[in-house]
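All remarks here apply to the structure that follows.
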Amino acid sequence: MEHDNTHKLAIFRGTLKFKSNTQKIWGVLIFLSLITIVEVGFGIVKPAFLTENHFIGMKLLNWLFIILTLVKAYYIAWDFMHLRDEKSSLRRAVVWTGIFLVAYLLFILLQEGTYIEGIKTNGYVKWNF
Amino acid sequence: MKATVSNTDTEGKVWGGGNQPLKASYGKLMMWFFLLSDALTFSGFLAAYGFSRFKFIDSWPIADEVYNHFPFFHGDHPMYFVALMTFILIASSVTMVLAVDAGHHMNKAKVTFYMFLTIIGGAIFLGSQAWEWTNFIQGSYGALETKGGQILQFVDTHMEEGDEKMHRVSVEDFATASHKERVRHESKEGLWFTSEAALPTYSVQDVITGFNTKENLAVRTQELMPNVADLKTSENPADVAKAARYESLYMNADKTGQKGVLTRAGSEKALKDAVVYVKGANLVHNEYGNRLFGDFFFFITGFHGFHVFSGVIFNIIIFFNVILGTYDRRKNNYEMVEKVGLYWHFVDLVWVFVFTFFYLV
């Protein structure tokens, strides 16, 4: 079987181009480490304006963590698992299937969790004996 | 293939048959199938964790107070250790990609070297996780549990300059060990068909007696303090009443986001409900707070750790195959390294999410 050894070597929508695949791998490692350091930094400092303000029932800080996590997940899947080099049909079959099912599951469970919490706090139900 | 496909006008079309529409081999596609289903399993776990957390949103343990150990350092160091673990796993992912890349260039020596590094990285990660589990299971301060499963921890109400919150006190430091009549019943003594679990180190009475002799102690509950100042200025009378209740019950009602510390009188009253002394965590008891927290921790990091473990085993098999030259002789060359690599990166991917939802959020 002939092997296709060509890689797409640009990240950040083409703004950062690498000379070789090996170089790109190290570049992505540096980027992922930077994100982790930023996450840990925010986790230790916990700036007040991020913990006091909420968006759809969650602290802004938590939204920031989740977005940074998704960014990390993107680069792991695209460059380490080389989805970037696969055909777009394979990429979509994998990614969208997961995203839709997980989004659905999360919506149902988190909605339900919030509802039960409301019953516990506001309803006439004794739960702590 | 030519002989089996009849000539129709679908020839040359992507999905017309006789070619690879996704430009990926059977093995790689099957690996993607598996990874997708495995991703859904992990999502199920994490979504269930989210469900329980939203259900107990005002009493969930604070991760920074649970995972605050670092090897060879005493004191409070939240986050650094898991950040290090994340870095180790990402680094071992990098050596894996480098191995795959070397495989594409048919460079046997380099594949061997990078596979070796990947295995070492995986082993270090597993060791770190074992260490994390050990700390979690052994616990550090100990607490009392009430009949309803609420955890009562102990803090020193005397605060030093610059302290943000009251420090926790280890039960061992104040509990008075009493003379014990009650001995753990083992099956070898008498009734061979009955035995019981290990008895707790202290009886509830030991802890309460010790507590009564130290005036500076107070009980810390699982309750997280809401923004009481905001509640007070609210126009809803129910909110104002809630704020008044928080202020009468807790000493630190003004500290939003901290666990509520009961007044001395309230502490003594709360201790009357205690039934057992707990230290550390297992699937039934958990000194850190809500028991579900411990259960999810064991299940999710355990399931992930099991994936890392099997990943290391796969890597070792592939490593020896590489040394034996198996992939030099194969028709698809080093594709096996790539397939195992996909699994290994997936394990890294899952950890990134576990890291966020257990330690950060």
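To find a chain, count down the sequence lines: A is the first, B the second, and so on, and within it residues start at 1. Because the structure is a prediction, the values reported are computed rather than measured.
- At most 12 heavy atoms of other shown residues, nucleotides or ligands fall within 6.0 angstrom of atom OH in B:Tyr80.
- Using cut-offs of 30° and 60° on the angle between ring planes, the pair B:Tyr343 and B:Phe34 is parallel.
- Neither the backbone nor the side chain of B:Asn227 comes within contact range of chain A; no heavy atom of the residue lies under 4.5 Å from a heavy atom of that chain.
- In this structure, B:Phe296 has its ring center no closer than 6.0 Å to that of B:Phe358.
- Only the side chain of A:Glu86 comes within contact range of chain B, judged by heavy atoms closer than 4.5 Å.
- Ranked by non-hydrogen atom pairs under 4.5 Å with chain B, the options A:Phe80, A:Phe42, A:Trp63, A:Tyr115 are led by A:Phe80.
- If you measure heavy-atom distances from B:Thr86 to chain A, the contacts under 4.5 Å come from the side chain alone.
- Closest of all the heavy-atom pairs between B:Ala99 and B:Met115 is CB-SD, 4.0 Å.
- Interface residue B:Leu40: only side-chain heavy atoms are found under 4.5 Å from chain A.
- Two residues are said to be in side-chain contact when any heavy atoms from C-beta on lie closer than 4.5 Å; B:Glu223 and B:Leu249 fail this criterion.
- Between the side chains of B:Asp328 and B:Tyr334, at least one donor N or O sits under 3.5 Å from an acceptor N or O.
- The CE atom of B:Met85 lies 10.5 Å from the OH atom of B:Tyr67; values are rounded to the nearest 0.5 Å.
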For this session: Please report the C-alpha distance between B:Met79 and A:Glu39 in whole Å, then the side-chain angles of each, then the deciding distance to 0.1 Å, and finally whether the side chain to side chain contact (heavy atoms under 4.5 Å, CB included) criterion is met.
Result: CA-CA 10 Å; B:Met79 303 267 289; A:Glu39 280 182 331; over 6 Å; no

For this session: Please test A:Leu9 against A:Lys19 for side chain to side chain contact (heavy atoms under 4.5 Å, CB included), starting from the C-alpha separation and ending with a verdict.
Result: CA-CA 7 Å; A:Leu9 296 176; A:Lys19 286 196 194 81; over 6 Å; no

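- Comparing A:Leu83, A:Ile119, A:Leu70 by how many heavy-atom pairs each has under 4.5 Å with chain B, the most go to A:Leu83.
- In terms of heavy-atom pairs under 4.5 angstrom with chain A, the leader among B:Phe33, B:Phe355, B:Trp344 is B:Phe355.
- Both the backbone and the side chain of A:Leu90 come within contact range of chain B, each with at least one heavy atom under 4.5 Å from a heavy atom of that chain.
- Interface remark: B:Leu46 contributes no atoms to any contact with chain A (heavy atom separation under 4.5 Å).
- Neither the backbone nor the side chain of B:Ala39 comes within contact range of chain A; no heavy atom of the residue lies under 4.5 Å from a heavy atom of that chain.
- In this structure, the portion of A:Lys46 lying under 4.5 Å from any heavy atom of chain B is its side chain and not its backbone.
- A donor-acceptor contact under 3.5 angstrom links the side chains of B:Asp38 and B:His307, judged on distance only.
- Looking at A:Thr36, only its side chain comes within 4.5 Å of chain B, counting heavy atoms on both sides.
- Residue with the most contacts toward chain B among A:Ser89, A:Ala77, A:Gly118: A:Ser89 (heavy-atom pairs, distance under 4.5 Å).
- At a 4.5 Å heavy-atom cutoff, the contact between B:Leu36 and chain A is made by side-chain atoms alone.
- Only the side chain of B:Phe87 has a heavy atom closer than 4.5 Å to any heavy atom of chain A.
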